[in-house]
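A short worksheet on the structure shown next.
Here is the naming used below: chain letters follow the sequence lines, and residue numbers restart at 1 for every chain. Since the model is a prediction, treat every value here as computed from it, not as a measurement.
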Amino acid sequence: MQKFSAFSLLREGLSGQRGWQAQWRSPEPKRAYDAVIIGGGGHGLGAAYYLAKEHGLTNIAVLEKGWIGGGNTGRNTTIIRSNYLFQESSTLYDHAMKLWENLSQSLNYNVMFSQRGVLMLAHTVHDVQVFKRHVHANRVNGVDNEWLTPEEAKDFCPPLNIEPGMRYPVLGGALQRRGGTARHDAVAWGYARAADALGVDIIQNCEVTGIRRDASGAVNGVETTRGPISTRKIGVSAAGHTSVVMGMAGVRLPLESYPLQALVSEPIKPVFPCVVMSNTIHAYISQSDKGELVIGAGTDIYTSYTQRGGLHVNAHTLDAICELFPQFRRMRMLRNWGGIVDVTPDRSPIIAKTPVPGLYVNCGWGTGGFKATPGAAHLLAWTMAKDEPHPINAPFTIERFRDGYLIDEAAAAAVAH
Amino acid sequence: MLLITCPYCGPRPELEFAYGGQAHIARPQQPADLNDDAWAEHLYMRDNAKGAHAERWRHTHGCARFFNAVRDTGSDRILATYETGTPRPAAGDLVGGAA
Amino acid sequence: MTSVYRTKDGGRIQRGKPLRFTFDGRALQGVEGDTLASALLANGIHLVGRSFKYHRPRGILSAGADEPNALVGVRRDAARYTPNLRATQVELYDGLEAESQNRWPSLALDTGALNGLISPFIPAGFYYKTFMWPRKAWDSLYEPFIRAAAGLGRAPTQADPDRYLNRYAHCDVLIAGAGPAGLSAALTAARSGARVILCDEQSEFGGSLLAETSATIEGLPAQVWLQEAIAELAGNPRVVLLPRTTAFGYFAHNLIGLNQRVTDHLAVPSAEQPRERLWQVRAKEVILCAGALERPLVFPGNDRPGILLADSARTYLNRYGVRPGKRVVIITAHDGAYRAALDLHAAGVEIAAIADVRATADGPAPQAARQAGLPIRLRTTITGTRGGLRVEGVSLAAMDGGPSQSVACDAVLMSGGFTPSVHLFSQSRGKLDWDPAAQSFVPGRSAERERSAGASRGLFGLAEVLADGAAAGADAVAAAGLTPPAPRRLEASGIDLGTDGFLGALPGAGAPGAKAFVDWQNDVTAKDLLLATREGFRSIEHIKRYTTTGMATDQGKTSNMNALGVVSEALGTPIPAVGLTTFRMPYTPVTFGSLAATSRGVLFDPVRTTPIHDWAAAQGAVFEDVGLWKRARYFPRGGEDMDAAVARECLAVRSGVGVFDATTLGKIEVVGPDAAKFMNRLYVNAWTKLAPGRSRYGVLLRDDGFIFDDGVVGRVAEDRFHVTTTTGGAPRVLAMMEDYLQTEWPDLNVWLTSTTEQWAVIAVQGPQARQVLEGLVEGIDLSAEALPHMSLTEGKICGVPTRLFRMSFTGELGFEVNVPTSHGRAVWEAIWAAGQPHGMVAYGTETMHVLRAEKGYIIVGQETDGTVTPDDAGLSWAIGRTKADYVGKRSLAREAMNAPDRKQLVGLYTQNPSVVIEEGSQVVADARQQIPMRPIGHVSSSYMSATLGRSIALALVSGGRARMGQTLFVPTADGEVAVTVTSPVFYDQEGVRVNA
């Protein structure tokens, strides 16, 4: 792998930038691989990288029906945090956080991981209770999360409106200083380049159309738009399309796929120093390195694979943004897009073996997949390589729905009384 | 914002409706008779189909009644709406024929 | 006007109405009808901005929405600053203040331009390759540097005082774009009686006709025909005309988003008018007449101020009366530039050269140019340009190489041909087809009920466009179920300009030192695109993201097709195989405020208040938000803080009597012969044997077995239940009930009615509650015998009907008086007056929470969190054991629901009674363990109990009921707190007081 550094940029600068190699090859698919990953997003590419790097499995392929990083990896608001409520969850997401913290160096690709802090706002007494519970739960679990008063929140994020007369005033917030953002495309490309260098074949424009199983029921290959490929291990990391892919192997999952939208403003000079989230009034905002305000909207109410949602969903999010940051009311929406998020009944992911031998699945990340990218990838690779889950993803099975061991992050934030 | 034809009220904007998930999943008559797998199937497992998808809607801010729709989740085109308790229309009876 | 660049006559401006404006503080003058861009050009100013990355000086490139360079901030007052506006779209008004962006200290002298010196070392994507060491330096050094360099304008700093409105509309035919195609379509549709909405982003309708000087329609000069067409449409009451209105988004099921700019063009906006209005139009049929965008040409140095699009230059001349320069060079691949050259020539501009990259140019416009003696050079390109803040000359050379010749000029006009504007069609999910002859993507198969007409589908001749618009109008009208008028052909004369063009980079773009820009604003050169292809990026989406081409505020309107051309050539792949980046809404940027519309301040969300709200407010109550409701949280007296007020309120209730507004609790009337059967199937409790006149605490689960809601349910009659729910849970409980009733058990004869808004509920609680109410009720026996705990009766109070419950959420003798909402305030005040001799206090939700916690009563959402079963919460007693089924029962039989380590509701006493643990704190068995600790539970409620003179807490603790008396620990930021596990019922464990 050609090393990226200031020096190499300098050297190439003197020769007209003509010496750069392809960051990854575009090989023809082989007839057989030791393992195949379906889905060339950050999770799938990362899994291939960790399979090759940590488990010595290099004769593997990532099959992507479009272009790598073109699904949710390239469509999210790039928020990274690990301050989840339940210990299983915060351990999982913090596993990812720790990998994020050295990812640029590990991959020799600047993924621009920026620990700008993620501030989650509380607007009601109930919110305060819920977020303080998060703060306490995270602290005993060694995950940083601290409570800020409204004034402290404004100090941390000066554009924030903390007028007590607001319809839903800011009563405080939970701040994870290690949280932040990263450059989403670079994550996919960085993993792709590093995996490719270890021998992984990244095959784009290759849609899987079938999963083959032998007489024992175990997987023995896939059918693709570029021909059949034999393999005994398949990792499915197909986000919104997981149900479709797993259906090819006859596996049903507790998933529903919803449209999730995001938008950016026109670029402006630095004005927003952190990430602010408000679950209660549905607003997620940060400013990208490029200067755009990056704003996440909620899901639409119905399942869909269209990668678009209703205008009213964006409008609702901008209602909230303009309340929290009334000086942004004159800013303008530059671009809007949609992804497809696969949601489980308990809003927690599945990284697990399946009832089909040789078939593994990483799905159900809902609206939170990007932040988990290195962790999910690492754990999927582990699970595929060892044919058993890592202790961190052991609770995130399919069977938890049968047995009732749910990890219900969404319900934990439910409003009542 | 989708335009949804309530079988009782006619076409109305999506804002008047609540989504009810996959249709034609009847609650078992005797849940106690089901094993855990079968009960989990009922509670949690969904087709999540890409393409024609039978689903429940409720005209919450209208007649308040539930009904079913077949919608192409690949395009969001609504291919049929019909009353709860009636069977899913055959492919040939959908808008534009088979979806 | 004295400016040498302003023509003496012609155009649509009013020379007699001068307008003052400033640009970067410099006082200038324009005239009515100008845009900021045309006014600047009239003053000889091309330099208006600096580019994103290299801070290269940039001039006005276009005359419309596609402008990538001329981005300015416009300041009306301190609170009304808008960054990143295209000067080409800003209508001039008297007193306008504009400033350039992304430069320091000034536009002419910008230190950021030093980036240009290191440009060889910072190619596309350079930041992915460096800034990685030392690791910590990213946050502290590199990223702040990158961020400070990025961004264009400044964000506004004050809250925007302007108003924005929203409107929904329906029509038979919506037409986006009021150029010749759109007008022709609108006339056809309107004449058939259709309800038509016609919108156009510009201040005036007419599109290309606005710059037309020679063409005729129906024998009339085009601009006269235009005037008559608009007059006809304006006179039709079924037609809505919306200038300054951009169709920015095409959504599912023919919903189109329009952004109407109402006041930005006015010097003194009326306070009555909104700044912008969002239209959400549900159209039966849509006609897209968005026209076409002229492509720049990609040659070295193509970005200097003074270099602009040829057709835009023609627009400036013919519409705004502005000459782009005195001596211009033209480079083109399309006949349109010859038409521009002829018009400029006629206006006295010297045409120094027309370089045509094509081998032949024999259309009518080139022929006319030849006859006019203009210097035309075929197979010729520009290999370089000169000049600092303004172009001073170009080097011309043959396309196939050879020596170059220098030509002096003060402006360069370029035309690479026209790209149909298919944005909205693509947004509608229509499929684009590649037209190899025209080298364009054109609308193919539709996904929605729409059709395109005119230039937006690749038709350019005026007569052809008018006919196409009329045909589209007729087609839309027919599809909408109306009868179109008989087809009528509009006679039109216009010059045929053909569909030639050039995609990609011209020769020399890749030469050493050359900077041939594809994306002006983001500073993406042809070389950057080639680098991306060398680095293995093949999909246009990757190349776009890697180089940022097409991602600037113009979203690639001028750059996308050239980028495709460059990549296609580099990869040796045909353009359609390289792919086209997805067109996303909005077509042009839309103000946040316009989308948020009226949803701001108190209108952000509805506010629900009870009939007692104003009374409580007058008493100085502090409110909290619960769902949409405002609930009185506590009633401070004389400077009390919350703790003091709550302690006083609690003691008063325990010792005397208190009154509490419980109106917000959800109420559902369940009525019908099968009401009891319905309740049995739904709630965990057994209802069959509940006698009319009695009530019961009901628990509702989801079918996954977890607590969903709770509340007291009274049986009013054999066939009638009065169900109460939590405040926040009312809508979802009713929705759940309706779901089961309508879809699972349609056989049950039951009716459900939300009565939350019908009843005001006044809780009177405390040992003296009975005495307070005794004098107010009529025909109601409040004695313990006649009305025992958990019973209800109907009668009158204060002369109005009441449904009166004997119940308690405090552990004291208590009543809940339900009266019709309209009488709520009066009855409340009567109770309040009657209570005064008894020392009655009004108490709020906080005191309610303490009182119920002292009794170990749970609050759904506080003790429960969607993971709690009835047994976890100590509510097994409520379950009807003999019932075969109820919602949630089967799930309670699952393995995890019966695990011995489930968290169970317990009480906690801190070993130091004055310490109040923070709610949400974690509970551990071993305080000495290292982080990560193993939590075995959490504190759900925690208060100082004035009644008990010590703190109390409720907690959910693993295997909690088996831990009575154990010492556990609550780790806090300041060390651990030792606690003793106890019963969750802290007060009156025998339950004597409620039965008083």
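Contact annotation: the side chain of H184(A) approaches that of R545(C) to within less than 4.5 Å [non-hydrogen atoms, C-beta and beyond]. Between D408(A) and F706(C), every side-chain heavy-atom pair lies at or beyond the 4.5 Å cut-off. Proximity of H126(A) to E624(C): side-chain heavy atoms (C-beta onward) are nowhere separated by under 4.5 Å. No side-chain heavy atom of T317(A) sits less than 4.5 Å from a side-chain heavy atom of L595(C). Under the 4.5 Å side-chain criterion, counting only non-hydrogen atoms from C-beta, L311(A) is in contact with M585(C). Using a 4.5 Å heavy-atom cutoff, the side chains of M132(C) and N108(A) are in contact. Contact check for Q23(A) versus H542(C): no side-chain heavy atoms found under the 4.5 Å cut-off. Residues D289(A) and R147(C) form a side-chain contact, since some pair of their non-hydrogen atoms from C-beta on lies under 4.5 Å apart.
Of the two parts of N205(A), neither the backbone nor the side chain holds a non-hydrogen atom closer than 4.5 Å to a non-hydrogen atom of chain C. In this structure, no portion of A532(C) lies under 4.5 Å from any heavy atom of chain A. Contact annotation for Y250(C): only backbone heavy atoms (N, CA, C, O) come within less than 4.5 Å of a heavy atom of chain A. For a residue to count as touching a neighbouring chain, one of its non-hydrogen atoms must lie under 4.5 Å from one of that chain's; by this rule Y546(C) touches chain A with backbone and side chain alike. Only the side chain of D139(C) comes within contact range of chain A, judged by heavy atoms closer than 4.5 Å. I707(C) does not touch chain A: none of its heavy atoms, backbone or side chain, sits under 4.5 Å away. Interface residue E919(C): backbone and side-chain heavy atoms are both found under 4.5 Å from chain A. With a 4.5 Å cut-off on non-hydrogen atoms, V271(A) touches chain C through its side chain but not through its backbone. Only the backbone of Q427(C) comes within less than 4.5 Å of a heavy atom of chain A; no side-chain atom from C-beta onward does. For a residue to count as touching a neighbouring chain, one of its non-hydrogen atoms must lie under 4.5 Å from one of that chain's; by this rule R116(A) touches chain C with the side chain only. Both the backbone and the side chain of L85(C) come within less than 4.5 Å of a heavy atom of chain A. Within the 4.5 angstrom heavy-atom criterion, atoms from both the backbone and the side chain of T591(C) approach chain A. Using a 4.5 Å cut-off between heavy atoms, V970(C) makes no contact with chain A at all. Interface remark: N166(C) contributes no atoms to any contact with chain A (heavy atom separation under 4.5 Å).
The candidate from I295(A), I281(A), L14(A), I68(A) with the greatest count of non-hydrogen atom pairs under 4.5 Å with chain C is I68(A). Note: G74(A) leads G74(A), A186(A), G69(A), P159(A) in heavy-atom pairs under 4.5 Å with chain C. Looking only at heavy-atom pairs under 4.5 Å with chain C, the residue among G291(A), G66(A), P267(A) that has the most is P267(A). Listed options R80(C), R154(C), R633(C), Q929(C) were ranked by heavy-atom pairs under 4.5 angstrom with chain A; first place goes to R80(C). Heavy-atom pairs under 4.5 Å with chain A peak, among T972(C), T588(C), T598(C), at T972(C). Taking chain C as the reference chain and counting heavy-atom pairs below 4.5 Å, the highest number among F401(A), W24(A), F325(A) is found for W24(A). For the set G190(A), S265(A), G310(A), S288(A), the count of heavy-atom pairs under 4.5 angstrom toward chain C peaks at S288(A). The choice from D403(A), L406(A), V264(A) that makes the most heavy-atom pairs within less than 4.5 Å of chain C is D403(A).
Side-chain contact check for Y164(C) and R329(A): no donor-acceptor pair (N or O, by modelled atom type) lies under 3.5 Å.
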Fill in: Residues R429(C), T306(A); criterion side-chain contact (heavy atoms from CB on, under 4.5 Å); working and verdict
CA-CA 9 Å; R429(C) 299 298 173 97; T306(A) 55; 4.1 Å; yes
Worksheet entry | From CA spacing to verdict: side chain to side chain donor-acceptor pair (under 3.5 Å), Y128(C), R183(A) | CA-CA 9 Å; Y128(C) 299 126; R183(A) 173 85 189 120; 2.8 Å; yes
Worksheet entry | CA sep, side-chain torsions, deciding dist, call: Q922(C), R139(A), side-chain contact (heavy atoms from CB on, under 4.5 Å) | CA-CA 9 Å; Q922(C) 301 293 298; R139(A) 197 184 57 244; over 6 Å; no
Discussion item. Show, in sequence, the C-alpha distance, side-chain angles and deciding distance for E895(C) and R402(A), and conclude whether the side-chain contact (heavy atoms from CB on, under 4.5 Å) test is met.
Written reply: CA-CA 9 Å; E895(C) 179 185 301; R402(A) 177 192 67 201; over 6 Å; no
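In terms of modelled atom types and a separation under 3.5 Å, the side chain of W20(A) and the main chain of L531(C) share no donor-acceptor contact. Not one N or O on the side chain of Q158(C) forms a donor-acceptor pair closer than 3.5 Å with the backbone of Q327(A). With hydrogens and angles disregarded, no donor-acceptor distance shorter than 3.5 Å links the side chain of R600(C) to the backbone of P326(A). The backbone N or O of M933(C) lies less than 3.5 Å from a partner atom in the side chain of Q87(A), making a donor-acceptor pair. Counting only distance, with no hydrogens or angles, the side chain of R332(A) and the backbone of T82(C) share no donor-acceptor pair below 3.5 Å. Side chain of R538(C) to main chain of S26(A): no donor-acceptor pair is present (N/O by atom type, distance under 3.5 Å, no hydrogens or angles). R167(A) contributes a side-chain N or O that, together with a main-chain N or O of P606(C), makes up a donor-acceptor pair within less than 3.5 Å. Side-chain atoms of Q17(A) come within 3.5 Å of backbone atoms of P120(C) as a donor-acceptor pair (strictly under, hydrogens ignored). Using a distance-only test at 3.5 Å, with no hydrogens or angles considered, no donor-acceptor pair links the side chain of R330(A) to the main chain of A79(C). The backbone N or O of G151(C) lies less than 3.5 Å from no partner atom in the side chain of K290(A), so there is not a single donor-acceptor pair.
Considering every non-hydrogen atom in both F121(C) and G13(A), the closest pair reads CD2-CA, 3.5 Å. Minimum interatomic distance between N110(A) and T130(C) (heavy atoms only, all atoms of both residues): ND2-O, 2.9 Å. What you find for H136(A) and G920(C) is that their closest heavy atoms are CB-O, 3.2 Å. Between E266(A) and P83(C), the shortest heavy-atom distance links the atoms OE1-O, 4.1 Å. Residues G627(C) and Y168(A) approach most closely at O-OH, 3.7 Å, considering heavy atoms. Annotation for D865(C) and F86(A): closest pair OD2-CZ, 4.4 Å, computed over non-hydrogen atoms.
Remark: E12(A) does not engage K129(C) in a salt bridge, criterion side-chain N to carboxylate O under 4.0 Å.
For R934(C), the CZ atom counts as loosely surrounded, since its 6.0 Å shell holds 12 or fewer non-hydrogen atoms of other residues, nucleotides or ligands.
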